[in-house]
Amino acid sequence: MQLSINGKPADVSATDLSALLLELEYGEARIATALNGEIVHKGDRAATTLQAGDAIEIVAPMQGG
C-alpha cells in the first residue's frame, strides 16, 4: 500500500499504525504519531487502520536547549 510517511512516499504492507511502526523498525522507540494531521495516541495505534494515500507523521522527541 502506498502511504506518505513524514512527507515521503512509501510502499508498505502494514494495515494498521502499530504494524507500520514495526515494519519501519521503530520497535519500542518513544515517538509521537499522527494520521492525516490527527494525533494518534500509543494505545490507539493497533486499532488505527491505514488506507492507501494516508499521510503518517512520526516524530521522535528531542532534548536540548
Discussion item. Could you report the tightest heavy-atom contact between Leu21 and Thr33, atom names first, then the distance?
Written reply: CD1-CG2, 4.1 Å

Report, one line per pair, each donor and acceptor closer than 3.5 Å where one atom sits in a side chain of residues 2-11; sequence neighbours left out.
| from | atom 1 | to | atom 2 | distance (Å) |
| --- | --- | --- | --- | --- |
| Asn6 | OD1 | Ile58 | N | 2.7 |
| Asn6 | ND2 | Ile58 | O | 3.2 |
| Asp11 | OD1 | Met1 | N | 3.2 |

Fill in: Inter-residue atom distance Glu23.CD - Asp16.CG, 0.5 Å rounding
10.5 Å

Worksheet item: What is the minimum heavy-atom distance between Ala14 and Ala19, and which atoms define it?
Response: CB-C, 3.6 Å

Worksheet item: Can you tell me how far NZ of Lys42 sits from CD of Glu28, rounded to the nearest 0.5 angstrom?
Response: 5.5 Å

Worksheet item: Which residues satisfy the side chain to side chain donor-acceptor pair (under 3.5 Å) test with Asn36, sequence neighbours excluded?
Response: Asp54

Worksheet item: With a 4.5 Å limit on heavy-atom distance, are the side chains of Leu35 and Ile56 in contact?
Response: yes

Discussion item. Tell me whether Leu17 shares a hydrophobic cluster with Leu22, the cluster being built from Ile, Leu, Val, Met, Phe, Trp, Tyr side chains joined at under 4.5 Å.
Written reply: no

